[in-house]
There are 2 protein chains.
Amino acid sequence: MQRVSLKFLAKELGVTEGTVSRALNDYPDISKATRKRVLEVAEKFNYKANQTARRLATGVAEAVAYLMPPNTNTIAEPFVSQLLEGIGASLAKRGWDLLVVQASSAETEVETVEKLSTSGRVSGVVISRPYKNDHRIALLKKYNMPFIVHGRSLQSDDYAWFDVDSEQAFQDAVTHLASLGHQRIGFIGAPLDYNFGQMRLDGYKKGLLANGLGFDDAIVEIAEMTDEASEAAALNFLQSSPAPTAILCATDTQAIGALAAVRSMGLIPGQDMSIMGYDGLDFGKHTNPPLTTMAQPQSNSGREICDMLLAIIDGGNPVDYQELRRAKLVRRMSDGPVRP
Amino acid sequence: MQRVSLKFLAKELGVTEGTVSRALNDYPDISKATRKRVLEVAEKFNYKANQTARRLATGVAEAVAYLMPPNTNTIAEPFVSQLLEGIGASLAKRGWDLLVVQASSAETEVETVEKLSTSGRVSGVVISRPYKNDHRIALLKKYNMPFIVHGRSLQSDDYAWFDVDSEQAFQDAVTHLASLGHQRIGFIGAPLDYNFGQMRLDGYKKGLLANGLGFDDAIVEIAEMTDEASEAAALNFLQSSPAPTAILCATDTQAIGALAAVRSMGLIPGQDMSIMGYDGLDFGKHTNPPLTTMAQPQSNSGREICDMLLAIIDGGNPVDYQELRRAKLVRRMSDGPVRP
DNA sequence: CTTGATTCCGAAAGCGCTTTCGGTTTAGCG
DNA sequence: CGCTAAACCGAAAGCGCTTTCGGAATCAAG
């Protein structure tokens, strides 16, 4: 099969390669007639430009990388594929590529980012789940690589990000639980090296304060974001005394573990013990009982995130692209008034 | 920031670009001494080759594309991100890139594949969820693009694939249900334009036959692969008469919908009505009740799939890379003996 | 007609790397 | 020492495209 290149088309048309290129790329200094001719012949031979060559010539990578967070294979974490779909849709408008990059471990993460920044294969990067002090962010800034963060690190005023205000959300959650009469609310948190882990804990604390409730670290535990780890933590709470009457979890996955713990004690979640999660994952509808949670806005965030990134690549000021969304309570069956 | 290129290193070292390239790429005709010098200086300046240029020069894309199936955002479908992780891990060994490509619709799918095959940006492709007669496969063959299919189309003897024998699995599932005394087993299937939809239906039929049970299309329905659609289908079965005593579903997601239907009728899944799914998704542990299912082998299939693809890219014969795995029953609580 | 401005296209350089070819050095050996 | 073979590296072409520069052709205006 004859590879159809620019040169081939040029020969076919009896013009020069430059002319063909100009016609194909809508340059102004080309006559209507030749453009039409070129387009026709290109169509006829099903010409598709060699992207590699084009990239080398123009110097623009026409690609964006998504840095996969490690260990997403916890129970049912569809957020990655949803995000990718959104990013892909945004990129499709320009015909750009989506690269998925992952670091095998936390140590190699930095090296991965470095390679990404210097090897010139992408025009921008989106990263998820930032740490409090995220080296990746520092590197991206250092190398002047356009990027956007899905989430926020501790110091977040000088780059672009898209986040949900989980601190507010956890404050709201505590208030909701307090309004149901709960005075002793446990908390199962996410690792604090993730900034969202810290923010959710802070929100929990603020919520306690706002509702006149005391903080007791006997019923606060930081756990891995798996159902098993959370189940163990919840079990501890349940066997302590005084036991909490409600448990707030940093993620839906953890909440599901807590649900299991409550049931395993012969108690009924939502009646004997209230459980709340955060994320708003769809399958929370199908847990036993259905999970009450603080839901992130459903919208196609991947698309929005990538649109913002593209705007920055086009020269926009990163600081102008900071979006904070609000989570909202979706009540299902795992919460209820405190038992008398 | 001075971009460090080959030319830069060459000047720095007082040698020619070719020499630096040879040193960096472990060519034989280079002295130990200069190689060492080059490596040191490259390290010092943190040189990373421009991948685009290297690709153009070598003609190998050093990248593989994963074609995302459309509409994966059904409830909890973590399989995409798991697959991507595996593929990424396999690619990492060579330092190749993973491109994620999606078609906005079924029509553009063909065009997407065509562009992928001719634009020279990837060395291979993996596709998921083939249709019975999949145009993408035909195109990939036509363009001689190395590829592997996650699943199988109807005619699958002349290309590489990795699949789980779901026909066998559904036969096994029926046998299991029959061994519990069920004589009337309903089936909620997946769309038949997907070949796995057909194979699962075939397996169900074979299972009936093998167990001396009759086929009744009143309790067979093809539904979209969502919890809602399946719930509606299950509701129909439950209100028919005679109603089935068990329902087998083509996917776990559908089984979860069926669970909801059963509960909504005031019945207890696993006691009044047996429900079985297929996939073995982790969160089946947490449904109400926990879901009995035919589980696909847990192993990191993304990695295996990509390893196979790489072998083909290296010149292997696609036909030598066909893997059929077997699903196994994992019993949880949604099945049980038929009621007297 | 002549002139200046336009319009259009050919020629050619260049993007950053790889790789062939050939020439110079050095080593090996009688 | 002289000769051949091997080891090493410089020169240069080339991957397929973009883009600048300038020249030829066309046009409008004087």
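A, B, ... follow the sequence lines: proteins, then strands. Residue 1 opens every chain. What you see is a predicted model; the values in this text were computed from it and never measured.
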For salt bridge (Lys or Arg N to Asp or Glu O under 4.0 Å), just list the numbers for A:E109 and A:R136, CA-CA rounded to whole Å, side-chain angles, deciding distance to a tenth of an Å, and then say yes or no.
CA-CA 7 Å; A:E109 222 164 27; A:R136 302 171 299 175; 3.5 Å; yes
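Judged by distance alone, the side chains of A:K44 and A:N46 never bring a donor and an acceptor atom under 3.5 Å apart. A donor and an acceptor atom, one from each side chain of A:N50 and A:R55, are nowhere located under 3.5 Å apart. No side-chain N or O of B:S5 forms a donor-acceptor pair with one of B:Y47 less than 3.5 Å apart. Under 3.5 Å, the side chains of B:T34 and B:S31 contain a donor-acceptor pair of N or O atoms.
Computed from C1' positions of five pairs at each end, the angle between the two local axes of the helix from C:dC1-D:dG30 to C:dG30-D:dC1 equals 40°, rounded to 10 degrees.
Remark: P of D:dA7 and NZ of B:K32 are 12 Å apart, rounded to the nearest angstrom.
Ionic pairing of B:R54 and B:E62 is present here: one or more N-O contacts between side-chain nitrogen and carboxylate oxygen are shorter than 4.0 angstrom. In summary, A:E323 and A:R152 do not engage in a salt bridge, as defined by a charged side-chain N under 4.0 Å from a carboxylate O.
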Could you encode protein contacts along nucleotides 10-19 of chain D as a string, one character per nucleotide from 5' to 3', using B for base contact, S for sugar-phosphate-only contact and - for no contact, with a heavy-atom cut-off of under 4.0 Å?
B---BBBBBB
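Of the residues listed (B:V122, B:L116, B:I127), the one engaging B:V101 in a side-chain contact (heavy atoms from CB on, under 4.5 Å) is B:L116, and it is the only one.
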